[in-house]
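Heads up, the thing below is written out as structure tokens.
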Amino acid sequence: MKGLIEIEGMEFFAYHGYYPSEKQIGSRYLVAIQIKADCTGPAESDDLEKAINYQDVYDLIKKEMAVPSKLLEHVCKRILDAIYASFPDIKEATVKLSKMNPPLGGMIEKVSITLSK
């Protein structure tokens with residue numbers, strides 16, 4: 001049974017950025033992840049041990065968001081690598097990372113990077 005697990009609107013305060021001011025001030029980030037997986041086991045058994053545990057996914061993302069990086073692409077890749085290392089049975093994962101109110105010299109809601117693996 002094909003499944004799509006989505007965890008959306010995860011919010012973090014982190015210190016990612018290329019410029020020194022971004023590393024000092026920090027910023028608010030939003031993360032969303034989509035995970036394609038076979039959900040037959042958990043759907044039939046109602047057993048968390050056979051499912052992708054959302055709490056574990058969140059904890060992995062939280063850990064990677066705490067590691068400062070210059071580029072959002074790098075953070076996304078680390079998140080994807082951690083997800084695949086912890087859940088080898090997933091078919092595909094997509095992560096979207098948005099930096100809220102980026103310091104680009106004007107009113108900008110957010111910039112976002114989306115990577116899939």
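Scope of the values below: all heavy atoms of this structure, side chains included, with no hydrogens, waters or symmetry mates. Here the structure is a predicted model, which means the values were calculated and not measured.
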Handout entry: Residues forming a ring pair (Phe, Tyr, Trp, His ring centres under 6.0 Å) with Tyr54, sequence neighbours excluded
Key = none

Practice task
Determine, step by step, whether Ile33 and Met10 satisfy the side chain to side chain contact (heavy atoms under 4.5 Å, CB included) criterion, reporting the C-alpha distance in whole Å, the side-chain angles of both residues, the deciding distance to 0.1 Å, and the verdict.
Solution key: CA-CA 9 Å; Ile33 191 161; Met10 293 176 276; 4.0 Å; yes

Completion exercise
d(Leu80 CG, Ile35 CD1) to nearest 0.5 Å is 9.0 Å

Which donor-acceptor pairs under 3.5 Å do side chains of residues 86-100 form with protein atoms, sequence neighbours excluded?
residue : atom : partner : partner atom : Å
Ser86   : OG   : Ala82   : O            : 3.2
Thr94   : OG1  : Ser116  : OG           : 2.7
Ser98   : OG   : Ser112  : OG           : 2.6
Lys99   : NZ   : His16   : O            : 3.2
Lys99   : NZ   : Glu22   : OE2          : 2.5

Practice task
Could you check if a side-chain atom of Leu4 sits within less than 4.5 angstrom of a side-chain atom of Gln34, using non-hydrogen atoms only?
Solution key: yes

Exercise for the section: Would you check, one step at a time, whether the test side chain to side chain contact (heavy atoms under 4.5 Å, CB included) holds for Val75 with Tyr29? Expected result: CA-CA 11 Å; Val75 182; Tyr29 294 84; over 6 Å; no

Fill in the blank from the handout: Smallest heavy-atom separation, Cys39 atom then Gly3 atom, equals SG-CA, 3.6 Å

Exercise for the section: Grab the two heavy atoms, one from Asp81 and one from Lys117, that are nearest each other, plus how far apart they are. Expected result: OD1-NZ, 2.7 Å

Handout entry: Point-to-point distance, once rounded to the nearest 0.5 Å, from CD of Glu73 to CD1 of Ile113
Key = 4.0 Å

Exercise for the section: Is it possible for you to say whether Ile52 and Ile7 belong to one hydrophobic cluster, with membership spreading through side-chain heavy-atom contacts below 4.5 Å? Expected result: yes

Problem - Those residues that, when tested against Asp47, pass side chain to side chain contact (heavy atoms under 4.5 Å, CB included) (two or more places apart) - result: Ser45, Glu49, Lys50

Got a list of side-chain donor-acceptor pairs under 3.5 Å for residues 55-66, not counting sequence neighbours?
residue : atom : partner : partner atom : Å
Gln55   : NE2  : Asp59   : OD1          : 2.9
Glu64   : OE1  : Arg78   : NE           : 2.7

Problem - Residues in side chain to side chain contact (heavy atoms under 4.5 Å, CB included) contact with Lys70, at least two apart in sequence or another chain - result: Tyr18, Lys23

Handout entry: Tyr15 with Val111, same ILVMFWY side-chain cluster at under 4.5 Å
Key = no

Handout entry: Exercise: identify the closest heavy-atom pair between Lys77 and Leu115
Key = N-CD1, 3.9 Å

Handout entry: With Tyr84 via ring pair (Phe, Tyr, Trp, His ring centres under 6.0 Å) - residues at least two apart
Key = none

